Amino acid sequence: MSALTAIPVAGALRETGRLFALGATVLRQMFRRPFQFREFVEQFWFIAGVTILPTALVSIPFGAVISLQVGSLTQQLGAQSFTGGASVLAVIQQASPMIVALLISGVAGSAICADIGSRTIREELDAMEVLGVSPIQRLVVPRVLACVLVATLLNGLVSVVGVAGGYVFNVMMQGGTPGAYLASFSALAQLPDLYVSEFKAILFGFIAGIVASYRGLNPKGGPKGVGDVVNQSVVITFLLLFIVNLVITGIYLQVVPPKGG
């Protein structure tokens, strides 16, 4: 039984090592010439086009729900004046990068995985290698960079829309005052909160692009295998994002002191 148990564990470790190796290869080849600028622009435009509207639509109710929940809790505790700061920090630090990452991986990542997977089963990547063209540099690097840049920009969009939605719902539905909302935000928020949010967005976009590309490079079973690896890439990315978010949040709360602390 122990030998049978060791086989899937070894396979999982091998896949993890290959995933990290692909990430290191992409980081190394980002600075090699020639850079595929046209491919990068096309992928950036595509990813931005399919994610901007869903991201904006999701961020409005998300910010409203956080504001309403936090406002209800602070009202029960007699600290309603801190509703603005608490809800804004929750949106900027946690909700914004996670919303962006989930949409990038679910919408753009699945498309990237399907595209690369279909090229793989048609042996296009083998033909590129025969011609001396690196598939990683030609296909993977522009897509990963596009995911990173779009995630970074969308993170700012989600932060603004989520905070504005929370502000409107707190003032209109919970009887909060605009002055108290803004004052509590300025009293609790600090620049490192924005820095860690952008860092999460960059890292999450990189993870989504790497996982989608890796699964697309390794399909099994023909066209059916492409569909399977698309589903696997989304699930794996979701799990990695939640784990990485937990680690970064824990480190941030230990390293960066709260404002006024």
Side-chain angles (χ1 to χ4, degrees), residues 19-20 22-24 26-27 29-30 35-37 39-60 62-63 66 88-116 136 139-165 191-216 230 233-249 251-252:
L19 181 63
F20 276 94
L22 177 62
V26 170
L27 287 175
Q29 295 197 3
M30 281 182 183
F35 179 72
Q36 304 297 326
F37 184 75
E39 185 77 16
F40 167 74
V41 172
E42 291 178 354
Q43 293 300 317
F44 173 84
W45 188 256
F46 166 73
I47 295 173
V50 298
T51 54
I52 286 179
L53 183 59
T55 301
L57 294 177
V58 169
S59 60
I60 295 174
F62 215 95
I66 291 178
V88 169
L89 288 178
V91 170
I92 292 178
Q93 285 191 20
Q94 303 298 329
S96 179
M98 288 303 297
I99 290 173
V100 171
L102 294 179
L103 287 174
I104 288 288
S105 60
V107 179
S110 58
I112 291 173
C113 183
D115 178 40
I116 297 179
I136 305 298
L139 300 176
V140 177
V141 171
R143 285 163 171 77
V144 173
L145 285 178
C147 287
V148 170
L149 184 56
V150 172
T152 305
L153 298 177
L154 286 182
N155 186 59
L157 173 65
V158 174
S159 297
V160 172
V161 174
V163 170
L191 276 178
D193 299 327
L194 180 61
Y195 296 156
V196 73
S197 178
E198 288 295 331
F199 175 74
K200 284 182 178 180
I202 292 172
L203 185 59
F204 292 169
F206 181 79
I207 292 174
I210 289 295
V211 174
S213 301
Y214 175 75
R215 296 310 301 155
V230 169
S233 69
V234 175
V235 174
I236 294 172
T237 304
F238 282 11
L239 293 176
L240 289 177
L241 292 179
F242 284 112
I243 295 173
V244 173
N245 182 61
L246 174 63
V247 173
I248 295 177
T249 302
I251 295 174
Y252 175 78

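If you're wondering where the values come from, they're calculated on a predicted model, not measured in any experiment.
For the pair Ala108 and Ile47, the tightest heavy-atom approach, listed with the atom from each and the gap, is CB-CG2, 3.6 Å. The heavy-atom pair separating Val158 from Ser59 by the smallest distance is CG1-CB, 3.7 Å. Looking at every heavy atom in both residues, Ile112 comes nearest to Cys147 through CD1-SG, 3.5 Å.
When side chains are defined from C-beta on, Val211 does not count as touching Ser105, because their heavy atoms never get closer than 4.5 Å. With contacts defined as side-chain heavy-atom distances shorter than 4.5 Å, the pair Phe40/Arg143 does not qualify.
For the residue pair Glu198 and Thr152, no side-chain donor N or O sits within less than 3.5 Å of a side-chain acceptor on the partner. Judged by distance alone, the side chains of Ser96 and Ser159 do bring a donor and an acceptor atom under 3.5 Å apart.
Annotation: the span from Leu103 atom CG to Thr55 atom OG1 amounts to 4.5 Å, rounded to 0.5 Å. Going from atom CG of Leu145 over to atom CZ of Phe206 covers 9.0 Å, rounded to the nearest 0.5 Å. Expressed to the nearest 0.5 Å, how far OG1 of Thr51 lies from CG of Leu157 amounts to 9.5 Å. Summarising the geometry, atom CD belonging to Gln43 is positioned 7.0 Å from atom CZ belonging to Phe46; distances are rounded to the nearest 0.5 Å. We find the CD1-CD1 distance between Ile207 and Ile202 to be 12.0 Å, quoted to the nearest 0.5 Å. Note that CG of Leu241 and CE of Met98 are 5.5 Å apart. Values are rounded to the nearest 0.5 Å.
Checking side-chain atoms of Tyr252 against main-chain N and O of Val247 turns up no donor-acceptor pair under 3.5 Å. Side-chain N or O atoms of Lys200 include one that pairs as donor or acceptor with a backbone N or O of Gln93 at under 3.5 Å. In this structure, Thr249 contributes its side chain and Leu246 its backbone to no donor-acceptor pair below 3.5 Å.
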- Derivation of the side-chain contact (heavy atoms from CB on, under 4.5 Å) call for Val141 and Gln36: CA-CA 8 Å; Val141 171; Gln36 304 297 326; over 6 Å; no

- Message: I'd like to know whether Tyr214 forms a side-chain contact (heavy atoms from CB on, under 4.5 Å) with Val26, so could you lay out the CA-CA distance, the side-chain angles of the two residues, the decisive distance to 0.1 Å, and finally the verdict.
- Response: CA-CA 11 Å; Tyr214 175 75; Val26 170; over 6 Å; no

- Message: If you apply the rule side-chain contact (heavy atoms from CB on, under 4.5 Å), what do you find for Ser213 with Ile136, and how did you get there?
- Response: CA-CA 9 Å; Ser213 301; Ile136 305 298; over 6 Å; no

- Under the side-chain contact (heavy atoms from CB on, under 4.5 Å) rule, what do Phe204 and Val244 come out as? Steps first, then yes or no, please. CA-CA 8 Å; Phe204 292 169; Val244 173; 3.8 Å; yes

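With sequence neighbours excluded, the residues satisfying side-chain contact (heavy atoms from CB on, under 4.5 Å) with Cys113 are Ala212, Arg215, Val229, Val230, Ser233.
Screening Val234, Leu240, Val235 against Phe238 for a side chain to side chain contact (heavy atoms under 4.5 Å, CB included) leaves a single residue, Val234. When each of Ile104, Val58, Leu154 is tested with Ile99 by the rule side chain to side chain contact (heavy atoms under 4.5 Å, CB included), just one qualifies, namely Val58.
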